[in-house]
Each structure stands twice: as structure tokens, then as C-alpha cells.
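A short write-up of the structure that comes next.
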Amino acid sequence: VDKITTGARMQSNRGAFGRMPIIGQYNSDAAESELNHEHMWLFTGLSSRGLIYHAVFGRWLANAVLHDNETLLQNEFKEFDWWRRKQKK
């Protein structure tokens, strides 16, 4: 971690299998945004099931970060970017 500029608490959507995590690489469209970092990854929104699933999603995310390849997340978790698609609507 180079620096922490801001923080926020997020809550994810409830799907057929419970709350879906917010996981993946974040790219801000706003050039002047405080959240405009070159390599920013998100991992939040696990809700109460975080104690069960944190290691699985953490392993997948760490692999994607180390290889700088978000597609690796999609190979493991097809709906990983649900939050990004919803944001664009």
C-alpha cells in the first residue's frame, strides 16, 4: 500500500446466492477524482459471509493483482464485475 486517500463503506446487492462481493480493478472516469489511481483494486461487500468466503475471493484477487490481469477473476467468478455493469446503467 503506497497511500490511503479515502475510505468508504459499501454494501453489495443481494443475488440468488446472497450478497455478491465487490471485487475487481477500479478505473475512475474522472481525471481529477481522489479515486483516480493507476492500480486500484476493490475487495469489499462480503457481508456476513465474509468469514466463509474471504480466503477464496482473496486468493482469486491476489492472483489477478499479481498478474495485472482482471480476466483471471472472470475465469473463477463469472459475475465478479456485476457492480461495474450496474454502475454504467
Side-chain angles (χ1 to χ4, degrees):
V1 175
D2 183 35
K3 65 181 176 176
I4 298 173
T5 56
T6 189
R9 183 170 186 233
M10 299 181 170
Q11 184 159 348
S12 59
N13 282 355
R14 184 175 297 282
F17 301 105
R19 296 234 178 248
M20 300 288 285
I22 298 169
I23 185 171
Q25 193 166 18
Y26 181 80
N27 297 310
S28 175
D29 293 335
E32 300 300 320
S33 172
E34 287 183 11
L35 297 177
N36 193 16
H37 298 287
E38 186 178 351
H39 298 287
M40 190 164 103
W41 294 78
L42 301 174
F43 182 37
T44 188
L46 290 173
S47 194
S48 63
R49 294 193 178 132
L51 290 174
I52 298 170
Y53 297 120
H54 73 280
V56 173
F57 287 114
R59 182 177 298 133
W60 294 342
L61 179 62
N63 190 38
V65 170
L66 289 173
H67 292 91
D68 195 25
N69 185 352
E70 194 178 49
T71 306
L72 297 173
L73 282 172
Q74 189 173 23
N75 294 342
E76 299 291 346
F77 178 39
K78 300 270 186 250
E79 297 295 319
F80 86 96
D81 63 343
W82 67 267
W83 55 273
R84 188 177 298 127
R85 291 190 308 264
K86 183 175 181 172
Q87 193 177 38
K88 290 181 181 180
K89 287 183 181 178

(message) Whether the side chain of H67 engages the backbone of A64 through a donor-acceptor N/O pair (distance < 3.5 Å, no angle test) should be reported.
(response) no
(request) Give, for atom OG1 of T71 and atom CD of E76, the distance between the pair rounded to the nearest 0.5 Å. (result) 12.5 Å
(message) Whether the side chain of W82 engages the backbone of P21 through a donor-acceptor N/O pair (distance < 3.5 Å, no angle test) should be reported.
(response) yes
(request) Look up atom CD in E70 and atom CG in L72, then write down how far apart they are to the nearest 0.5 Å. (result) 9.5 Å
(request) Check the hydrophobic clustering (I, L, V, M, F, W, Y; side-chain heavy atoms under 4.5 Å; chains of links allowed) and say if L61 and I52 are grouped together. (result) yes
(request) Look up atom CH2 in W60 and atom CG in L73, then write down how far apart they are to the nearest 0.5 Å. (result) 9.0 Å
(request) Output, in order, the C-alpha distance, side-chain angles, deciding distance and verdict of ring pair (Phe, Tyr, Trp, His ring centres under 6.0 Å) for F57 and F80. (result) CA-CA 10 Å; F57 287 114; F80 86 96; over 10 Å; no
(request) Please confirm whether the backbone N or O of I23 pairs with a side-chain atom of W41, one donor and one acceptor, at under 3.5 Å? (result) no
(request) Would you mind reporting whether M20 and F77 have side-chain heavy atoms less than 4.5 Å apart? (result) yes
(message) Nearest 0.5 Å, please: how far is OG1 in T44 from CG in L46?
(response) 7.0 Å
(message) When you compare the side chain of L42 with that of W83, does any pair of heavy atoms fall below 4.5 Å?
(response) yes
